[in-house]
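The chains referred to below are lettered A, B, ... by the order of the sequence lines, with proteins before strands, and numbering in each begins at 1.
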Amino acid sequence: MEIAAKYLPAEIESKWYAYWMAHRFFHSEPDGREPYTIVIPPPNVTGVLHMGHMLNNTIQDVLVRRARMRGFNACWVPGTDHASIATEAKVVQKLKAEGIEKSDLTREEFLRHAWEWKEKHGGIILEQLKKLGASCDWDRTVFTMDPAMSESVIRVFVDLYNKGRIYRGVRMVNWDPQALTALSDEEVFYQETNGKLYYLRYKIEGSDDCVIVATTRPETILGDTGLCVHPDDPRYAALKGKRVIVPLVNRSVPVVFDDYIDIGFGTGALKVTPAHDVNDYMLGEKHGLEAIDIFNDNGTINDRAGIYAGMDRFDLRERIEIDLREAGLLEKTEDYTNKVGTSERTGAVIEPKLSMQWFLKMEELAQPALKAVMEDIIRLYPAKFKNTYRHWMENVKDWCVSRQLWWGQQIPAYYLPGGGCVVAETPAEALAMAREKSGNPALAMDDLRQDPDVLDTWFSSWLWPISVFDGIRHPNNEQIDYYYPTNDLVTAPEILFFWVARMIISGYEYRGEMPFRNVYLTGIVRDKLRRKMSKSLGNSPDPLDLIARYGADSVRLAMMLCSGAGNDLMFDESQIEQGRNFCNKIWNAFRLVKSWTVDESSAQSENNRIATAWFEALFNRTMAEAEADFTEYRISDALMKIYKLFWDEFSGWYLELVKPAYRQPIDRPTYDATIGFFDRLLRMLHPFMPFISEEIWHHVAERREGESIMTSPMPTAQRYDEKLLERFDLVREAITAIRNIRKEKNLPNRDAVELYVKPDGNFYPQYNPVLEKMANLSAVVEGRPAGLNAAFLIKSTEYFVPLGDGVNVEEELAKLRTELEYLQGFLASVMKKLGNERFVANAPSAVVQTERAKQADAEAKIKAAQERIETLSRL
RNA sequence: GGGAGUAUAGCUCAGCUGGUUCAGAGCAUCUGCCUUACAAGCAGAGGGUCCGGGGUUCGAAUCCCUGUGCUCCCACCA
């Protein structure tokens, strides 16, 4: 059969993915085996695959496939996140393009559009994961707004409310006066804006003196309820107990003292407008100042601002400036640039606005979660994130769980007509509670008003490892009992707090147990300029395009090769080329082996016997090293070792060693050993490169229908002959040295040369067949050649390659002398160390031993060099 | 402003409790080779003030102090 000289992934990938799906290899159900569970960090339901997903999901797939091959009942639960902010924004945008404003729709109408959008786009990202080769149990696909999920979320909210952990409180939100909605911090852009700093005069009550206050927003004086200065500021010491008059408004407000104030900024005096600035709000809380909200939701001024009512906020600023100037209350203005928050959606300038929000008390809940990580019950990889984690958990703030959106789980709080509210899982329960609470049995559902806000998206995803197994609603079901706690979580460090920490908290609160044992924190995928890859920058390649051009295995390999845990990944397409080249290498190694014919009668040659024994040992050593890497989640290191094992050792040395001459057959034992090695190598590679390994695995031996490399057992490290590996390395050194001589002396590779050896304890003649084949020797002769020669030393063994004419004796001598000089210097440094009594006394004996060995080694080499100089000089 | 991390070859990184795997790997570069599996390859080679400055020690890439650069998280300055 003709086999393509280059690996062509496209057909092979779709063929095998379909095969895996048809045989339900990804599916898991509880059984007698030990489970291995990963829950996917659910991607945004309306998102598309980006490079971060590629990295993240490749790692998960490597872990899952490896666990599956190691005999675990592996279960990787996929799903998507409703991502209320991002999805709602997209739906709003889409509707806008159709000429529909969100404000024109009822909540129900809007949600219908949103669900439609979700149905249309929600599956895309999961389909993309399949292209990558992800072995998720697709039968278990979950969406954070599935009825069961939402029910779990609501149940938890009610439970926490009943436990007294959820409360309502006031908080500043970013208000978009154009979209008439609150925005999350992520949706606010801070832009450098040229504005003015206004210096206003506040009259001190009962005096003609003034305090000058600098502000960028003079219009907010309408909401001023205080003036604040630093307690240690000598300029304002006299203001103790005084009140000042707000300009134009003529309101008398107290002067308060707080070390929040930056004495050096402006005049060191701050006007306090609790309703319109976050910091002012904090000051107001602290000092008991009233909050006067002067804005309507659309950014115009409300009735509390007296004569200015109805004006737009920017018109008001100009108007106020004029009025202040006329009243002589404006000291001066200065040009000033500051950062102004604007809406990502509408571009409107954000108005900080007070609003009622729902909060979850965190401090107590956080304790078990803090402890679990600090005591390594849950391990973070890399461990450096423990510090960051601790810092956050020790200073955890209450979690604002309400969002002013429609897409998400609506908060199950119902307000009574006469004030007060009830919190219940269902409207029916709420009604019953409301009737009881109000003492009005006639109360109807329509009399209750449900809180319009939805829950923060993280409030559903923090339950993810439990809720995907329905463990909130049915805490003792078979699934959760079997799969929980999960094993590994793979995610980005950016969401360590938002998501990981909170999952740990909910795990302890709702299962009394950690949600996962290990957290692998990936790096961030950046471009060559170290910029984070993002859609807005347009610097992210399309992952599907990369897969189409290079194959999924190449892309997976590229992601894995350069991504130690927690290290950012500087993405460059050349890395994928490296992956593709490796695929090609594997492919061609397979082509070579496939081309061999077997001679059943001939016995295994000595050369082949050594080769197979050597590779057997090397395979086991590498396997053991890779296993050790895996236990520490050093996945890139493990891959690099396997990569080198295949490319350098198997292809470069082993195959070259056993490769028969052109069109010559190979003996049966060697052929079988080679196929066996290939089989095991493919299985080692499979978690990283599932497609090509499956394809070739089906070619290297006869397989039955339904067999798959992904369900075959992962080889395990066996005991191996270390001595053999050490000795073989000496042979390889000799071969490299001979190749060097050939290159230096221009001895063509195809011309066989003789090798002379002065055998000693470090020379093993049984390996001569290897030497002969790999270095193309005509013979290995004991002793020293008569004429001119090139020599080298390996350990204590001297080797010589006889040379014809054309050797420059002077050049050789010069080279030897510099080498001798270096050796003598080296010996001197070793002797100095050994001559230091404190070193000999204090250093561990092993260290002293190695120094003595260095000494002996150097002395031997010096002796050999001197001898050669003598012989050469005589010529 | 508060906190954390990091600095090693041109690039991306290993280097664990100080001591022969102490200066490493992969990629890139350079030099030979179209050698019947693979030029997406083979064989070789070069490349470093381990960020600067102090200290501890017989001994420091490794531990301590300090300066500088970069990155991230949180809070964002009237």
Side-chain angles (χ1 to χ4, degrees), chain A residues 3 5-7 185 190 197-198 213-217 220 228 260-262 264-273 277-280 336 338-339 341 382 384-392 395 397 493-494 496-498 524 526 528 530 532 550 554 561-564 566-572 574-575 577-596 632 634 636-637 639-641 643-644 651-652 655-656 659 661-663 736 739-740 742-744 746 748-750 776 833 836-844 846-851 853-854 857:
Chain A
I3 305 164
K6 290 195 161 50
Y7 174 61
D185 292 344
Y190 286 91
L197 197 57
Y198 300 80
V213 175
T215 179
T216 52
R217 302 193 57 195
T220 62
C228 189
Y260 161 78
I261 297 299
D262 176 356
F265 188 90
T267 61
L270 173 74
K271 64 194 255 333
V272 185
T273 321
D277 184 280
V278 185
N279 295 302
D280 289 18
Y336 186 73
N338 67 341
K339 284 185 197 152
K384 68 180 178 190
F385 286 108
K386 266 170 87 173
N387 266 334
T388 329
Y389 181 88
R390 186 186 62 203
H391 185 256
W392 190 73
N395 300 288
K397 296 195 183 106
E494 320 164 271
L496 184 61
F497 307 138
F498 286 131
I524 296 165
R526 298 173 179 281
K528 275 186 281 190
R530 276 196 170 268
K532 204 162 153 176
Y550 293 96
S554 304
L561 271 174
C562 52
S563 63
N567 278 327
D568 286 0
L569 187 151
M570 249 47 69
F571 180 80
D572 186 87
S574 71
Q575 289 153 351
E577 283 175 24
Q578 190 185 352
R580 178 199 58 185
N581 294 354
F582 187 49
C583 288
N584 207 235
K585 188 73 195 175
I586 301 169
W587 186 251
N588 278 297
F590 154 67
R591 284 177 63 220
L592 173 67
V593 173
K594 202 67 193 166
S595 74
W596 291 342
E632 293 167 66
R634 302 165 61 114
S636 308
D637 289 353
L639 173 59
M640 183 46 71
K641 286 182 176 110
Y643 174 93
K644 285 198 270 190
S651 300
L655 289 180
E656 291 299 332
K659 181 161 84 177
Y662 184 55
R663 298 257 161 117
T736 302
R739 285 172 177 168
N740 260 327
R742 292 192 107 107
K743 182 154 183 154
E744 271 174 38
N746 273 323
N749 285 326
R750 52 187 168 276
N776 192 16
K833 227 181 206 183
N836 182 339
E837 271 173 46
R838 285 201 285 181
F839 170 73
V840 179
N842 292 327
V847 175
V848 180
Q849 285 297 320
T850 58
E851 289 301 315
K854 275 198 232 174
D857 190 55

Looking at every heavy atom in both [X] and [Y], which two are closest together, and how far apart are they?
X        : Y        : answer
A:Cys228 : A:Val272 : CB-CG2, 3.7 Å
A:Ser554 : A:Cys583 : OG-SG, 3.6 Å
A:Glu656 : A:Ser651 : CG-O, 3.8 Å
A:Tyr7   : A:Asn584 : N-ND2, 3.1 Å
A:Ala589 : A:Leu655 : CB-CD1, 3.9 Å

With a 4.5 Å limit on heavy-atom distance, are the side chains of [X] and [Y] in contact?
X        : Y        : answer
A:Glu577 : A:Tyr550 : yes
A:Arg742 : A:Asn776 : yes
A:Val840 : A:Glu851 : no

Among the candidates [options], find the nucleotide nearest to the side-chain atoms of [X].
X        : options                : answer
A:Asn584 : B:rC38, B:rA37, B:rG41 : B:rC38
A:Asn588 : B:rC38, B:rU36, B:rA78 : B:rC38
A:Asn279 : B:rC77, B:rA40, B:rA78 : B:rC77
A:Ile261 : B:rC73, B:rC42, B:rA78 : B:rA78
A:Arg739 : B:rC38, B:rA78, B:rG44 : B:rG44
A:Leu655 : B:rA78, B:rA37, B:rA40 : B:rA37
A:Thr216 : B:rA4, B:rA78, B:rA37  : B:rA78

Roughly how far apart, to the nearest Å, are [N] and [M] at atom [atom1]?
N      : M      : atom1 : value
B:rC63 : B:rG15 : C1'   : 16 Å
B:rU66 : B:rA23 : C1'   : 26 Å
B:rG26 : B:rA43 : P     : 12 Å
B:rG24 : B:rC65 : C1'   : 29 Å
B:rC73 : B:rG32 : P     : 49 Å
B:rC27 : B:rC72 : C1'   : 27 Å
B:rA28 : B:rU35 : C1'   : 26 Å
B:rG5  : B:rA14 : P     : 16 Å

Is the phosphate of [N], meaning OP1 or OP2, less than 4.0 Å from a side-chain N or O of [X]?
X        : N      : result
A:Ser636 : B:rA14 : no
A:Asn740 : B:rA43 : no
A:Lys594 : B:rA37 : no
A:Lys641 : B:rA14 : no

Nucleotide N/O to protein N/O under 3.5 Å, stretch nucleotides 21-27 of chain B:
| residue | atom | partner | partner atom | Å |
| --- | --- | --- | --- | --- |
| B:rA25 | O3' | A:Lys644 | NZ | 3.4 |
| B:rA25 | O2' | A:Lys644 | NZ | 3.2 |
| B:rG26 | O2' | A:Gln578 | NE2 | 2.9 |

Considering every strand and a 4.0 Å limit on heavy-atom distances, what is the contact class for [X]: base, sugar-phosphate, or nothing?
X        : value
A:Glu632 : nothing
A:Arg580 : base
A:Phe582 : nothing
A:Arg634 : sugar-phosphate
A:Asn395 : nothing
A:Ser595 : nothing

Could you grab the distance from atom [atom1] of [X] to atom [atom2] of [Y], nearest 0.5 Å is fine?
X        : Y        : atom1 : atom2 : answer
A:Leu561 : A:Asp637 : CG    : CG    : 10.5 Å
A:Thr220 : A:Asp280 : OG1   : CG    : 7.5 Å
A:Asp277 : A:Thr215 : CG    : OG1   : 9.0 Å
A:Trp392 : A:Phe498 : CH2   : CZ    : 8.5 Å
A:Thr388 : A:Arg390 : OG1   : CZ    : 9.5 Å

What's the [atom1]-[atom2] distance between [X] and [N], to the nearest Å?
X        : N      : atom1 : atom2 : result
A:Glu577 : B:rG41 : CD    : C1'   : 15 Å
A:Lys384 : B:rC73 : NZ    : P     : 13 Å
A:Lys6   : B:rA37 : NZ    : C1'   : 11 Å
A:Leu592 : B:rU36 : CG    : C1'   : 10 Å
A:Asn776 : B:rC42 : CG    : P     : 19 Å
A:Arg591 : B:rG41 : CZ    : C1'   : 12 Å
A:Phe385 : B:rU71 : CZ    : P     : 16 Å

Please work out whether B:rU29 sits syn or anti, treating a glycosidic angle within 90° of 0 as syn.
anti
How are the rings of A:Phe582 and A:Tyr643 set to each other: parallel, tilted or perpendicular (split at 30° and 60°)?
tilted
Given RNA chain B, 5'-ward residue of the pair A:His391 and A:Asp637, judged by closest heavy atom
A:His391
For A:Ala269 and for A:Arg663, find the nucleotide of RNA chain B with the closest heavy atom, then tell me which residue's nucleotide is more 5'.
A:Arg663
Quick test: give all pairs of protein nitrogen or oxygen and nucleotides 58-66 of chain B nitrogen or oxygen below 3.5 Å, distance rounded to 0.1 Å.
| residue | atom | partner | partner atom | Å |
| --- | --- | --- | --- | --- |
| B:rC58 | O2' | A:Asn836 | ND2 | 3.1 |

Please write out each protein N/O paired with an N/O of nucleotides 29-35 of chain B under 3.5 Å, distance rounded to 0.1 Å.
| residue | atom | partner | partner atom | Å |
| --- | --- | --- | --- | --- |
| B:rU31 | O2 | A:Lys743 | NZ | 2.7 |

Sort by first number and list every stem of RNA chain B: at least 3 consecutive Watson-Crick or G-U wobble pairs, both distances under 3.5 Å.
B:1-7 with B:68-74, B:10-13 with B:24-27, B:29-33 with B:41-45, B:51-55 with B:63-67
Go through the structure and list residues passing ring-ring contact (aromatic ring centres under 6.0 Å, His included) with A:Phe839, not counting sequence neighbours.
none
Does A:Lys641 have any side chain to side chain donor-acceptor pair (under 3.5 Å) partners at least two apart in sequence or in another chain, and if so, which?
A:Asp629
Strictly distance-based, threshold 3.5 Å: is any side-chain N or O of A:Asn395 a donor or acceptor partner for the main-chain N or O of A:His391?
yes
